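Bear in mind the structure is a predicted one, so any value in this text is a computation, not a measurement. As the structure lists them, so they are numbered: ligands from 1, and atoms in each ligand from 1. Below, all heavy atoms of this structure are taken into account, side chains as well, without hydrogens, waters or symmetry copies.
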Amino acid sequence: MDLFSEEKRHFNLPNAELIYIENFYDGAKADYYFDILKKTIDWQQDDITIYGKTYKQPRLTALYANNSKPYSYSNITMQPSIFTSELQQIKLDLEQESNHKFTSVLLNLYRNGNDSNCWHADNETELGKNPVIASLSLGATRPFHFKHRDIKDERHKINLNHGSLLVMRGEMQHYWLHQIAKTKKDIGERINLTFRTLL
Ligand SMILES: O=C(O)CCC(=O)C(=O)O
Ligand SMILES: [Fe+2]
């Protein structure tokens, strides 16, 4: 949470502002939040429809907020629950770091390497023009792949460690796609929280 940490990296990218803080939460705090979120969050597995076929989403998700605004993506509409005290605390920490107020958090639980999140941008209209998205990772390290829509050579990867924070802002959701790919490696559970502002 130290603003002047040497582990705070600003990536110099076209059409995006991306900041990665490797040890936003230290190991003990990250362990604490992983365990309590795993237990207390109301995890669900939604169906998604792609080209008329229905599949189970390849991960568990949940939506929490300080309002009752639903959030829709990939033909799913999620109704939020009210922030738990832990989510409220994390929200305050992330707001302080990113200088931005959030209303909602979408949580993902990747149970193993077979769970994933395919190429997409967080560009739903209710997020506004250039959304600030603060993404906290807990548990197993997974690579975050991102690629520019128009510039072929702009493809990158960041390993999102336990307790790390990635902040996406600027034009990133217009010009870039991101994913968490499946892996054959035998890896454990990972929880990701993306704090967003719903207008
Ligand atoms: O799990 C992650 O790190 C990314 C999650 C994500 O992109 C999303 O929920 O929109
Ligand atoms: Fe995303």
Side-chain angles (χ1 to χ4, degrees), residues 9 11 13 15-22 24-25 30 33-34 37-38 41 43-46 48 50 56-65 70-78 80 87 90-91 94 98 100 102-128 130-149 155-183 185 187-198:
R9 294 186 53 196
F11 290 83
L13 299 167
N15 312 118
E17 279 175 59
L18 194 63
I19 299 153
Y20 179 64
I21 306 171
E22 178 156 77
F24 182 73
Y25 284 146
Y33 279 129
F34 180 92
L37 294 172
K38 173 81 199 297
I41 295 299
W43 299 105
Q44 57 191 75
Q45 189 173 23
D46 289 313
I48 45 170
I50 303 168
K56 288 243 170 281
Q57 203 171 31
R59 63 186 181 280
L60 307 187
T61 60
L63 182 70
Y64 286 74
Y71 185 54
S72 301
Y73 65 96
S74 309
N75 286 315
I76 299 171
T77 298
M78 298 182 81
L87 291 173
I90 295 171
K91 178 171 107 79
L94 269 51
S98 59
H100 183 85
F102 300 105
T103 62
S104 312
V105 60
L106 178 63
L107 295 104
N108 293 301
L109 172 58
Y110 302 86
R111 294 160 293 180
N112 52 48
N114 203 35
D115 274 356
S116 60
N117 200 331
C118 66
W119 286 115
H120 69 280
D122 299 327
N123 57 0
E124 290 75 27
T125 25
E126 59 260 52
L127 296 174
N130 287 327
V132 177
I133 296 175
S135 167
L136 179 72
S137 291
L138 302 168
T141 298
R142 299 280 295 254
F144 177 85
H145 295 267
F146 53 108
K147 62 178 183 188
H148 197 286
R149 288 178 191 266
R155 280 184 83 105
H156 311 278
K157 171 187 109 168
I158 302 173
N159 286 321
L160 300 179
N161 291 327
H162 186 45
S164 71
L165 177 67
L166 184 73
V167 182
M168 300 184 263
R169 58 202 311 163
E171 298 175 319
M172 177 136 188
Q173 306 306 328
H174 298 274
Y175 287 94
W176 295 77
L177 299 171
H178 55 270
Q179 73 162 354
I180 303 291
K182 290 187 193 298
T183 171
K185 284 183 202 147
I187 55 156
E189 294 169 316
R190 168 173 182 267
I191 292 174
N192 172 261
L193 298 85
T194 49
F195 281 83
R196 299 149 191 258
T197 308
L198 262 64

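Panel note: side chain Tyr71, backbone Leu127; no donor-acceptor pair is recorded below 3.5 Å. In this structure, the side chain of Lys91 engages the main chain of Phe102 through a donor-acceptor pair within 3.5 Å.
Taking distances strictly below 2.8 Å, the protein N/O/S atoms close to the Fe ion (ligand 2) are His120 NE2, Asp122 OD1, Asp122 OD2, His178 NE2.
Screening Arg59, Arg142, Lys38 against Glu189 for a salt bridge (Lys or Arg N to Asp or Glu O under 4.0 Å) leaves a single residue, Lys38. Each of Met168, Lys157, His156 was checked for a side chain to side chain contact (heavy atoms under 4.5 Å, CB included) with Phe144, and the lone residue meeting it is Met168.
The immediate protein surroundings of ligand 1, defined as residues with any heavy atom under 4.0 Å of it, consist of Leu106, Asn108, Tyr110, Asn117, His120, Asp122, Leu160, His178, Ile180, Arg190, Asn192, Thr194, Arg196.
For Asp46, there are no salt bridge (charged side-chain N to carboxylate O under 4.0 Å, His left out) partners, not counting sequence neighbours. By the side chain to side chain donor-acceptor pair (under 3.5 Å) test, Arg111 pairs with Asp115, sequence neighbours left out.
Between Tyr33 and Tyr25, a ring centre-to-centre spacing shorter than 6.0 Å is recorded. Close placement of the His178 and His120 rings is indicated, their centers lying within 6.0 Å of each other.
Geometrically, Lys147 does not engage Trp176 in a cation-pi contact, judged by NZ or CZ lying under 6.0 Å from the ring centre and within 45° of the ring axis.
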